[in-house]
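Position 1 is the first residue of the sequence, and the numbers go up from there. All values below come from the heavy atoms of this structure, side chains included, with hydrogens, waters and symmetry mates left out.
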Amino acid sequence: DEFYTRFNSSGIKYGPSFQTLDLIYVGKEEALGELTLSASGKGYLAQPTLLEGCLQLIAASLSNENPQDHYLPVGCDTLKLYAPLEEHIY
């Protein structure tokens, strides 16, 4: 909740469907997140809101050093999926 509260206070508002990050662990040069898909996201190989959660984890790890900074990804050149994403991932 702290992650979304911080973004919300700076004007970046993620609705409930886009709040897929349950836990965030940030270490030096690494991050691990626990993500859960809402029931409305079933039926995709890679549900868009779950992928957004993965990008949010990257933003959280980059913002850890300076909480006032926010990073928003603007593109991805390649994404390879070898199996459908589960509803609960790390």
| said: Just verifying a value: how many Å separate Arg6 CZ and Ile12 CD1, rounded to the nearest 0.5 Å? | reply: 10.0 Å
| request: Please work out which of the three classes, parallel, tilted or perpendicular, describes the rings of His88 and Tyr90, given edges at 30° and 60°. | output: perpendicular
| field | CD on Gln47 to CG on Leu35, rounded to 0.5 Å | value | 11.5 Å
| Partner set under side-chain hydrogen bond (donor to acceptor under 3.5 Å, both in side chains) for Ser10, not counting sequence neighbours | His70
| In Å and rounded to the nearest 0.5 Å, what is the CD to OH distance from Glu30 to Tyr25? | 13.0 Å
| Option among Thr20, Leu23, Leu57 that satisfies the side chain to side chain contact (heavy atoms under 4.5 Å, CB included) test with Glu34 | Leu23
| Mind checking what makes side-chain contact (heavy atoms from CB on, under 4.5 Å) contact with Leu85, not counting sequence neighbours? | Ala46, Leu50, Leu51, Leu81
| field | Contact summary for Leu21 and Tyr4, nearest pair of heavy atoms | value | N-OH, 3.2 Å
| request: Not counting sequence neighbours, which residues clear side-chain contact (heavy atoms from CB on, under 4.5 Å) with Glu52? List them please. | output: Tyr14, Phe18, Leu55, Gln56
| remark: Closest non-hydrogen contact found for Cys54 with Ile89 is SG-CD1, 4.3 Å
